[in-house]
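For the single chain, residues carry numbers from 1 onward in sequence order.
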Amino acid sequence: MKNRITSYHAKYFAYDLTRQFPSNDLDKLTSSLHDAQVDLNPHQVEAALFAFKSPLSNGAILADEVGLGKTIEAGIILSQHWAERKRKLLIICPANLRKQWNQELQDKFFIPSVILENKSFNDEISNNGNLNPFIQIDSVIICSFQFAKAKAAYLQLTDWDLVVIDEAHRLRNVYKPTNKIGNSIKNALLKKRKILLTATPLQNSILELYGLVSLIDDYIFGDQKSFKSQYSHQLDEGNYEILKSRLQTVCKRTLRRQVLEYINYTKRIAILEEFYPKDDEQLLYDNISAYLQRPQLYALPSSQRQLMTLILRKLLASSSYAIRGTLDSLIVRLEAILLKNEPKNTLDLELDFEGINELSDEWNADTDDEESSSEVVYSVDDLEQIKQELEELKQYRNLAFAIKENSKAMHLQVALEKGFDQLKKLGANQKALIFTESRRTQDYVFELLEANGYKGKVIRFNGVNNDSKSNAIYKSWLKKHKNSDRVTGSATADKRAALVDCFRDEATIMVATEAAAEGINLQFCSLIVNYDLPWNPQRIEQRIGRCHRYGQKFDVVVVNFLNKANAADARVYKLLDEKFRLFEGVFGSSDEVLGSIGNGIDFEKRIAQIYNNYRTPYEINEAFNILQEELQEQISDRMLSARTTLLENFDEAVREKLRFNFTQSQLNLNKFEKRFWDISSYFLKPYAEFNEKDSKFILRINPFPGSGIPLGHYSLIKTNEHGKKNEQSLPDEYHIYRKGHPLAQAVLSSCKALQTPAKEVIFDYSNTPTRISLLENRVGESGWLQIKLYSIISFEQDDSFLIACLAEDGTELETEFAERLFSLYGYETYDVEVPVEVKKHCEKLIVSQKEKAEEVNNIRNQQFFDEEIDKLDIWADDMKISLEKEIKDLDSEIKLRRAEAKKLLNLEAKIAAQRLVKDLEKKRSLKRKNLYEAQDEIDNKKEVLLSEVEQRLEKKIVETELFTIKWKIT
């Protein structure tokens, strides 16, 4: 293959592909968008730009509705930081989303990450000698809210470049001193740049917005008193507009209905399979249910009573196979007590109920009580009752073991047939994802399906994936992907990937525990079966979201089971279906409804209480009626209206801006990808075989010995005309070639270091496929061209090219002419001597462009500076408002007391009233004095902040000459 570009093209392109742009430049994200394996959606680009809008900003709240890809928006922002070598990055999220973040960063952005929890934290200290495990080289750190609170001191010691807080509405009550997690995280991360992700930034009170904004920046609003005095009461239209304009500097929200021209959403279709349990199943349920309602139970640790009761009820509803293993554990515990072998204060039920550890963390998130380790002393009467309880449990266990066939399992086959029939009508893949909360039930369902028409077509997916079939799938997958980028080296992650691949390519049914509800994407499946239905709506939404998500091409069928003999089950289903609207429609449950219950744990606890405290259908229905009324109050129409007014802004001008950004981003990406491909084919020509048509190559020789860069197939995945990348797939043996790949990084560095002495370069216009009038008029002519990179480093780094371009007769040509020249292919001829007058003329043009670049930079920095000063001025005014209001309130009270004193006829009462007035006047005088002192303190704080801004304003300038050439167009 003949080189189409010269070393001058290559050097210019290399600097262009690696230069840094200012915060408000659309080109800033081009490199990250190219590197990421994500589709180009304009609202996501807009959100990422919003987060970068000012280098002085402390962050942003991205509040798009559910399903619009806030994770992708944050990923683009993280990717840009990563590319700029700002790699002290932290993600704080709910525990059940940690694996999902870990997987998304790897799969979509090729960014390594580490999940920190107690074990990995302690291992990092003991094994690697790292005394602060939050500081790890070239890895994003991911941790839960609870872990961040527990390790707040370590967070505070880390100089974070960016912190992303997912599901940030969980911290919206941070303004309350009782919100321990929120305040710990806020105090540990003061002045650190943060991105908050939430679909429900406002739910119950305007103060929640104050709380979330204070997490980003304490200087956007004043203190809580001033905020409440201005905004917390009945807001009039004027106050709404003021608050809205202040929020627009920090909060961005996009709605699903606003992006329908870019994103095609599919529907959810619900199928309800009803069944009646058999007599022996009902007997088992009634016996254990009555057992769990007793005030005293010895088999359950007292500290875990509520949680264990919930889990036992869930297992009881799952299958007889699930509950019998748990009954065994309870029997062993009671036998240990009788043998005077005091059992542990906890029950290990991970095999029975796989999500128990996570659920326990969530249930106990707000409690700091340490478990008492004191030995329990049992009386003679206690021991007698324990013996009776033990015998009862043995009877229940024997009954559970005697039940070989479960009614729900028999109806599963009917439900699958209905689901597959619906898929056939839709034209979707014949695949089903079955969820259960118990690993024992999972085994039972697996064996049942294998024996009834699905032999060899069923796989399991759980937290350990160590059954023989899963191990065989994993072994085969490793062999298939040997030496490819698919193998990460993490057995857990690779085994999960192997099972997902097997489900996509071979299996018909995946029977999964809650482990499949996070961190995996299954858009190729359109049938979800909730064999066990969680009571927490957030968990159900998360399950369905594995399949009903961006990229799903078909409507998603959701199958649920309902025990018609159980009044409580019927009311739970009705709530989930009608109130939360989880199973039907385009969008599933709305943000308002899901947001009203937070993480869903309190809602789950309420349901558990109803099951445990009420027995008759009448009592159960009354309890659910009360719960439903409370839910209605939580989903406040007034707050929904406030959120619409304050946060939603989408007129035609905004829509036009999105369209422009989409078009411009597409053009920028196309140009970036073309230059990236040209520079790669130029440099790698001696080492690789290129397929130009498909943008692929086979690397035969490593040009960088010792670097560990793998040989083999590489492919550049380009964004198509619709901005899509996800729809394109590659054979497994291919490496995705992108700017962040070690090979590409080495190529770019090598091209930037190319020796480029003054030469004549011939640019070939005759073979260009498109007409470029700017160049066409100068075919046959020649001239001179000098290019330098000019870097201004102040608030941020801003790289621009200084380009001096002359015709042979000395005519000055615009910089666009020079840029267009490099869109032509060319070749080098001979070395040239640059005439002195040409050097002087070029220098004159370069100096002029430097001045212009500095002027543009100064104007931009001045805008950033003015915005920061405006913010501080408003903050200072806010702080004074609350102090002035206190004095005004005292003025009113003194006036009232004086008037009351005049009306009194009794002298003693008059004197007492006047003394009260005098006390109030003293208090007012003290407040006035405090006001002046506080105003001075506020002004001092403002001065400190201004000094910090001024320090960051100091400039450093770096000028790098690329080359000077004599150009000629033929």
Side-chain angles (χ1 to χ4, degrees), residues 1 3-6 9-21 25-42 44-45 48-49 72 75-76 79-80 82-84 108-111 485 661-685 688 690-699 713-730 734-752 768-770 772 799 801 819-826:
M1 179 185 75
N3 268 338
R4 300 167 304 180
I5 66 171
T6 67
H9 284 80
K11 190 169 191 175
Y12 173 50
F13 290 173
Y15 273 96
D16 185 36
L17 294 172
T18 55
R19 67 184 173 129
Q20 293 192 31
F21 293 89
D25 194 316
L26 190 60
D27 238 331
K28 183 175 184 72
L29 300 176
T30 303
S31 175
S32 297
L33 291 170
H34 157 78
D35 232 26
Q37 196 64 16
V38 297
D39 293 341
L40 179 62
N41 286 312
Q44 292 172 339
V45 175
L49 281 172
I72 299 298
I76 293 169
S79 184
Q80 186 60 38
W82 191 266
E84 293 173 7
K108 289 186 168 63
F109 299 97
F110 308 97
I111 296 175
D485 290 347
N661 282 356
F662 178 71
T663 304
Q664 194 58 48
S665 296
Q666 186 72 61
L667 291 172
N668 291 347
L669 264 176
N670 291 343
K671 177 183 169 186
F672 188 100
E673 286 166 353
K674 184 179 184 308
R675 289 189 165 181
F676 180 63
W677 181 252
D678 283 344
I679 196 176
S680 300
S681 56
Y682 165 82
F683 187 87
L684 295 173
K685 175 192 168 186
F690 279 81
N691 176 347
E692 295 289 336
K693 182 175 173 245
D694 297 327
S695 300
K696 294 176 181 175
F697 63 89
I698 304 172
L699 189 67
H713 293 266
Y714 285 79
S715 178
L716 174 67
I717 297 185
K718 293 183 178 179
T719 307
N720 66 22
E721 67 272 18
H722 305 296
K724 305 297 182 191
K725 271 189 181 181
N726 274 336
E727 293 173 3
Q728 305 172 55
S729 59
L730 281 176
Y734 274 79
H735 303 279
I736 295 176
Y737 188 60
R738 54 194 172 78
K739 184 194 160 196
H741 193 282
L743 176 61
Q745 288 286 295
V747 167
L748 288 166
S749 296
S750 299
C751 288
K752 285 169 78 171
T768 187
T770 55
I772 308 171
D799 296 337
F801 286 117
E819 289 168 356
R820 292 281 187 160
L821 264 183
F822 283 97
S823 69
L824 304 178
Y825 294 136

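Side-chain contact between L33 and N668: absent, with no pair of heavy atoms (C-beta onward) separated by less than 4.5 Å. By the 4.5 Å heavy-atom criterion applied to side chains, F109 and I76 are counted as neighbours. Residues F13 and K674 form no side-chain contact, since every pair of their non-hydrogen atoms from C-beta on lies 4.5 Å or further apart.
Close placement of the Y737 and F697 rings is indicated, their centers lying within 6.0 Å of each other. In this structure, H34 has its ring center under 6.0 Å from that of F676. If you look at W677 and F690, their ring centroids are closer than 6.0 Å.
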Residue pair D678, Y825: steps toward the side chain to side chain contact (heavy atoms under 4.5 Å, CB included) verdict = CA-CA 10 Å; D678 283 344; Y825 294 136; 3.8 Å; yes

message = Checking E692 against R4 for the salt bridge (Lys or Arg N to Asp or Glu O under 4.0 Å) test, could you report, in this order, the C-alpha distance in whole Å, the side-chain angles of both residues, the deciding distance, and whether it holds?
response = CA-CA 12 Å; E692 295 289 336; R4 300 167 304 180; 3.3 Å; yes

Stepwise side chain to side chain contact (heavy atoms under 4.5 Å, CB included) test for Q664 and V45 = CA-CA 11 Å; Q664 194 58 48; V45 175; over 6 Å; no

task = Check the pair S79 / I111 against side chain to side chain contact (heavy atoms under 4.5 Å, CB included), numbers first and verdict last.
result = CA-CA 8 Å; S79 184; I111 296 175; 4.2 Å; yes

request  = Check the pair R738, D35 against salt bridge (Lys or Arg N to Asp or Glu O under 4.0 Å), reporting the backbone distance first and the verdict last.
outcome  = CA-CA 5 Å; R738 54 194 172 78; D35 232 26; 3.6 Å; yes

message = Using the rule given for ring pair (Phe, Tyr, Trp, His ring centres under 6.0 Å), can you reason through Y15 versus F801, listing the C-alpha separation, both sets of side-chain angles and the distance that settles it, and then say yes or no?
response = CA-CA 9 Å; Y15 273 96; F801 286 117; 7.4 Å; no

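Around CZ of R19, the count of heavy atoms belonging to other residues, nucleotides or ligands within 6.0 Å exceeds 12.
L748 approaches A14 most closely through the heavy-atom pair O-CB, 3.8 Å. Nearest heavy-atom pair across Q80 and L29 is OE1-CA, 4.0 Å. Nearest heavy-atom pair, I679 versus C751, reported as atom, atom and distance to 0.1 Å: CG1-SG, 3.6 Å. Residues I736 and H741 share a closest heavy-atom pair of O-CD2, 3.7 Å. Closest non-hydrogen pair, V38 versus I72, comes out as CG1-CD1, 3.7 Å. Between K739 and Q745 the shortest heavy-atom distance is O-NE2, 2.8 Å.
The main-chain N or O of K696 is never found under 3.5 Å from a side-chain atom of H713 such that the two would form a donor-acceptor pair.
Note that CG of D27 is 9.5 Å distant from CG of L669, once rounded to the nearest 0.5 Å.
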